[in-house]
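The block underneath contains the structure these notes are about, expressed in structure tokens.
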Amino acid sequence: MLKRLTALFLLICVCFLSTSCAVLEWIRGEMHGDLRYVETGILEYHGEKYYSADTVLDLWVKGDDIEIAWKYNFPFSGRLSYYADNAEDPLYIFYGYDYAYDVFLSEDFDYRNKTFILDQTDVEVNLYDAFSKVDYELPEDYLGNYGFELYMEEYPRLTINAQCSWSDGKWYCIRNGKNYLLSDNFVKILKENGILPIDSDNRTPTEGLEGVNKFRPDYGLGACQNLKGEISVVLFYMDDLESKWTRDEILDFEEKYLEKAFEFLEKEAKKYGVALNFEIQKSFSGLYYDDDVIVNINEEGYATTDVLEQAAKEIGYASDTKMIEALKAEYGTEEVICLTVFNKNGVAYALNPRRGSDAKADEHSIVFGKEGAYIPSDVVLTTLCLYGAESLKNTMWRRYLASPYKKDIMFTMGGNLSESEISELTAFYIGWTDKIPDVMLDENWWKYEE
């Protein structure tokens, strides 16, 4: 037994002696190749110095990159390779596996003064003009993140993938623990190219309004005045060049989606002591819209306004205004909601001209019937808008101030109704309460930045 233990001990010693150099080299991380660190952030290769881009630049390793040096990466992994764009006189050196952990540039190569292109555009960006590093810390409740990519025009492999965040009226990039303030011009570029959200002008005229209604200028406006009591619902199932309805699809739409939407509104109204009851009075089908309907007003920048007018004339009324008056008299309710529904994909929207607008469209909703689970939310959103609700994040200041109300459907702007609610903000906008929420007394709630 003793002989076996002695033999095992000797074998271990031999193995250790044969591998100890490699182990020590792995621990020390000795560099192989004509490359060395002069000091932290500075490399020397073939007598030339290369300076770290401070992890600002991104670069993905390719199969044909040239390995110029390597070392063991103790204690994280095994071999770590250093690559260059060429082996003789490289412009940049980088190291990593699939992705470059850092990029080192020759000392006469100032990447910050190079021209970068905003990805998927032809917009040119100079980093000196776009970013400025700041020393202060951002609060933890900053808003973001909105991603973008820049690539260097001269060397497209060198890119900057960044996230933008908003805090206290300013836009920042936060990268590797460092904060960079975005210039006003660069913010404008990002907004124009759909990367940053554009604040919508929420300054509805308030002339002639008194008391609390100055804080909810779209309330009590148009044909839809009060979301209370008995509400008649009239449905107009529209066919067009691209889509049409069958009877089974209509029944399915009403049972699966409309009932959920109206039940949600009735349930939420009870929380504010408001009696609310929706009644689908009539459905018109076989109606034809003879033009292209806008299916996404955010992309197109404008809305279709004459669907209800065409529907009204097709069923025998002189105008949609006359039709709504007649429907109110027929059903004996002060409120009639008109939903025009197309059997195709789209983003629902409400037609409710703002106070002071010269638009002639009567209030109604345009809903699309192919979005499945999102349809109940669409019906709720458009109905609330008809009665004066506003987006709780149509400006960055509102997103910030309304952040305690993230479950409000006018904040989420969609999603699962079971996870949504109508908070005191939206309840005030639609007249379910007359108490002005504290956040609306903050001057920043009304701030609009172009």
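Computed from a predicted structure; not experimentally measured. Atom set for the values below is all heavy atoms of this structure, side chains included, hydrogens, waters and symmetry mates excluded. Residue indices begin at 1 and follow the sequence shown.
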Q.
With no hydrogens and no angle check, just 3.5 Å: does a side-chain donor-acceptor pair link E279 and S232?
A. no
Q: Using side-chain hydrogen bond (donor to acceptor under 3.5 Å, both in side chains) as the criterion, point out the one residue from E249, K244, E254 that pairs with Y237.
A: E254
Q | Check against side-chain contact (heavy atoms from CB on, under 4.5 Å), M323 and I315 | A | CA-CA 9 Å; M323 179 185 68; I315 59 177; 3.8 Å; yes
Q: Please indicate whether D98 has more than 12 foreign heavy atoms, meaning atoms of other residues, nucleotides or ligands, lying under 6.0 Å from its CG.
A: no
Q | Residues E230 and N277: side-chain donor-acceptor under 3.5 angstrom | A | yes
Q) Does any N or O in the side chain of R398 come within less than 3.5 Å of the main-chain N or O of W445, such that one atom is a donor and the other an acceptor? A) yes
Q: Find the distance between CD1 (I280) and CD1 (I231) and round it off to the nearest 0.5 Å.
A: 13.0 Å
Q: Would you confirm whether E259, through its side chain, and K256, through its main-chain N or O, come within 3.5 Å as a donor-acceptor pair?
A: no
Q: Answer with yes or no whether the side chains of N193 and T121 bring together a donor and an acceptor at under 3.5 Å.
A: no
Donor-acceptor pairs are to be reported for all side-chain atoms of residues 208-216 against protein atoms at under 3.5 Å, with residues two or more places apart or in another chain.
from	atom 1	to	atom 2	distance (Å)
N213	OD1	R216	NE	2.8
N213	OD1	R216	NH2	3.3
R216	NH1	F428	O	2.8
R216	NH1	T433	O	3.0
R216	NH1	D434	OD1	3.4
R216	NH2	D434	OD1	2.6

Q: List for me each residue that meets side-chain contact (heavy atoms from CB on, under 4.5 Å) alongside K282, sequence neighbours excluded, and say none if there are none.
A: F284, Y331
Q) With distance as the sole test, does R175 use its side chain to make a donor-acceptor pair with the main-chain N or O of T55 at under 3.5 Å? A) yes
Q: Would you check if the side chain of T340 reaches a backbone N or O of S365 as a donor-acceptor pair within less than 3.5 Å?
A: yes
Q.
Quick check against the 3.5 Å criterion: does Y349 have a side-chain atom that pairs as donor or acceptor with the backbone of T304?
A. yes
Q. Is there a donor-acceptor contact under 3.5 Å from the side chain of N145 to the main chain of S165?
A. no
Q) Do side-chain atoms of N444 reach the backbone of K447 as a donor and acceptor pair under 3.5 angstrom? A) no
**Q.** Flag for T321-D362: side-chain donor and acceptor within less than 3.5 Å
**A.** yes
